[in-house]
Amino acid sequence: MQAQPKQQQDVDNETQLVALAKQGDMQAFESLYRLFSNKIYLLCLRMTGRPTLAEEHMQDAFIKAWQALENFEGHSKFSTWVYRIAVNVVLNEQRKNQIEIYADQDWQQAFEDELSATHHPLQIDLEKAIVKLPAQAKNVLLLHDIVGMTHEEIGDTLGIASGTCKAHLSRARVLLKEQLER
């Protein structure tokens with residue numbers, strides 16, 4: 001009997017944990033939290049530029065995921081579903097406060113310190129360049145290239161046309177290229 005590839009094992013494990021969590025198993029949901037909380041935190045951090053806000057948004061996303069778990073139908077991976085919840089948490093907060101949050105120097109250093117152990121210096125430069133993008137371009141880039149959403153899904157999430165989404169993505173990539181060439 002052949003062993004399953006690791007990726008398939010991970011999907012099977014995720015599916016089992018979700019099924020158990022949907023039945024009210026808190027330990028299963030805690031395992032899902034441990035699997036995905038760091039990725040969700042980094043997404044929120046990229047979108048907000050503030051560690052405290054990112055932590056709050058990540059926690060809010062998992063609380064909302066727990067509360068809505070019975071509605072999760074499994075058409076996508078659990079991680080994708082939680083990414084979308086986290087994105088909505090961040091965007092709703094940004095809309096509510098109608099502010100664009102800029103990363104400060106302390107955050108940039110903390111972010112660089114946090115990533116230096118696990119990321120190549122070029123990856124860190126890319127992360128720092130992403131943070132400097134205008135909010136809409138940054139959000140579209142993150143949703144498309146990091147989360148893997150389609151232009152239509154991003155348009156629905158951000159309340160913009162898919163053509164506008166494509167334009168923001170193109171602009172973000174041009175700005176990133178310019179920043180990285182400096």
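Note: hydrogens, waters and symmetry copies are ignored here, and every other heavy atom, side chains too, is used.
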Q: Just so I know, are the side chains of L169 and D145 near enough to count as touching, which here means a heavy-atom distance under 4.5 Å?
A: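 A side-chain contact under 4.5 Å exists here.
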
Q: Give, for atom CH2 of W81 and atom NZ of K64, the distance between the pair rounded to the nearest 0.5 Å.
A: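 Result: 11.5 Å between the selected atoms.
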
Q: Could you report the tightest heavy-atom contact between F78 and E14, atom names first, then the distance?
A: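 In this case the closest contact between F78 and E14 is N-OE2, 2.7 Å.
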
Q: Given W66, which of F29, F72, Y33 fulfils the ring pair (Phe, Tyr, Trp, His ring centres under 6.0 Å) condition?
A: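 Between W66 and the candidates, ring pair (Phe, Tyr, Trp, His ring centres under 6.0 Å) is satisfied uniquely by F29.
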
Q: Please name the pair of heavy atoms, one in I85 and one in A61, separated by the smallest distance, quoted to 0.1 Å.
A: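 Looks like CG2-O, 3.5 Å.
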
Q: Check for me, please, whether I63 and V89 land in the same ILVMFWY cluster - side-chain distances under 4.5 Å, paths through other members count.
A: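 Shared cluster, no.
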
Q: Using a 4.5 Å cut-off on heavy atoms from C-beta on, say whether the side chain of Y83 contacts that of M149.
A: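 They are not in contact (no side-chain heavy atoms under 4.5 Å apart), so the answer is no.
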
Q: I'd like to check the side-chain contact (heavy atoms from CB on, under 4.5 Å) partners of E55; sequence neighbours left out, ordered by chain and number.
A: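 Y41, M58, Q59.
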
Q: Once rounded to the nearest 0.5 Å, what's the spacing between atom CD1 of I154 and atom SG of C165?
A: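 One gets 4.0 Å once the value is rounded to the nearest 0.5 Å.
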
Q: So do R84 and E153 actually touch side chain to side chain, heavy atoms under 4.5 Å?
A: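 With C-beta onward as the side chain, the pair touches.
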
Q: Looking only at heavy atoms, which two atoms of S79 and F36 are closest? And how far apart?
A: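 Minimum heavy-atom separation between S79 and F36: CB-CE2, 3.4 Å.
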
Q: Please evaluate residues K138 and L141 with respect to the criterion side-chain contact (heavy atoms from CB on, under 4.5 Å), reporting the C-alpha separation (whole Å), side-chain torsions for both, the decisive distance (0.1 Å), and the verdict.
A: CA-CA 5 Å; K138 174 175 57 179; L141 179 85; 5.8 Å; no

Q: Are the side chains of Q136 and T164 in contact, using a 4.5 Å heavy-atom criterion?
A: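 Not touching, per the 4.5 Å side-chain cut-off.
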
Q: How long is the gap from CG on L69 to CG on L32, to the nearest 0.5 Å?
A: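 That separation rounds to 8.0 Å.
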
Q: First locate atom CG of L133, then atom CZ of R171, and finally report the distance between them rounded to the nearest 0.5 Å.
A: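 Rounded to the nearest 0.5 Å, the CG-CZ separation comes to 8.5 Å.
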
Q: Answer yes or no: is there a donor N or O on one side and an acceptor on the other, between the side chain of S170 and the main chain of K166, under 3.5 Å?
A: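 Between the backbone of K166 and the side chain of S170 there is no qualifying donor-acceptor contact (under 3.5 Å).
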
Q: Answer yes or no: is there a side-chain heavy-atom contact under 4.5 Å between E93 and D60?
A: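 Contact flag for E93/D60 side chains = no.
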
Q: Show the atom names and distances, to 0.1 Å, of all donor-acceptor pairs under 3.5 Å that link a side chain in residues 174-182 to residues at least two apart or in another chain.
A:
none

Q: With a 4.5 Å cut-off on side-chain heavy atoms, are H144 and H151 touching?
A: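 When only atoms from C-beta onward are counted, H144 and H151 do touch, with a gap below 4.5 Å.
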
Q: Is it possible for you to say whether V18 and L20 belong to one hydrophobic cluster, with membership spreading through side-chain heavy-atom contacts below 4.5 Å?
A: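 Unlinked, V18 and L20 end up in two clusters.
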
Q: Looking at V140, V147, I146, which one forms a side-chain contact (heavy atoms from CB on, under 4.5 Å) with L143?
A: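 It is V147, the one option of V140, V147, I146 that forms the side-chain contact (heavy atoms from CB on, under 4.5 Å) with L143.
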
Q: Run the side-chain contact (heavy atoms from CB on, under 4.5 Å) test on L158 and H168 for me, step by step, so that the C-alpha distance in whole Å, both residues' side-chain angles and the decisive distance to 0.1 Å come before the verdict.
A: CA-CA 12 Å; L158 299 178; H168 282 302; over 6 Å; no

Q: Determine whether more than 12 heavy atoms belonging to other residues, nucleotides or ligands lie under 6.0 Å from atom NZ of K39.
A: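 Count not over threshold, so no.
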
Q: On a heavy-atom basis, which atom in A86 and which in C44 lie closest, and how many Å separate them?
A: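 What the structure gives for the nearest pair is CB-SG, 4.0 Å.
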
Q: Take M47 and L91, measure what side-chain contact (heavy atoms from CB on, under 4.5 Å) needs, and give me the verdict at the end.
A: CA-CA 9 Å; M47 291 181 75; L91 293 176; 3.9 Å; yes

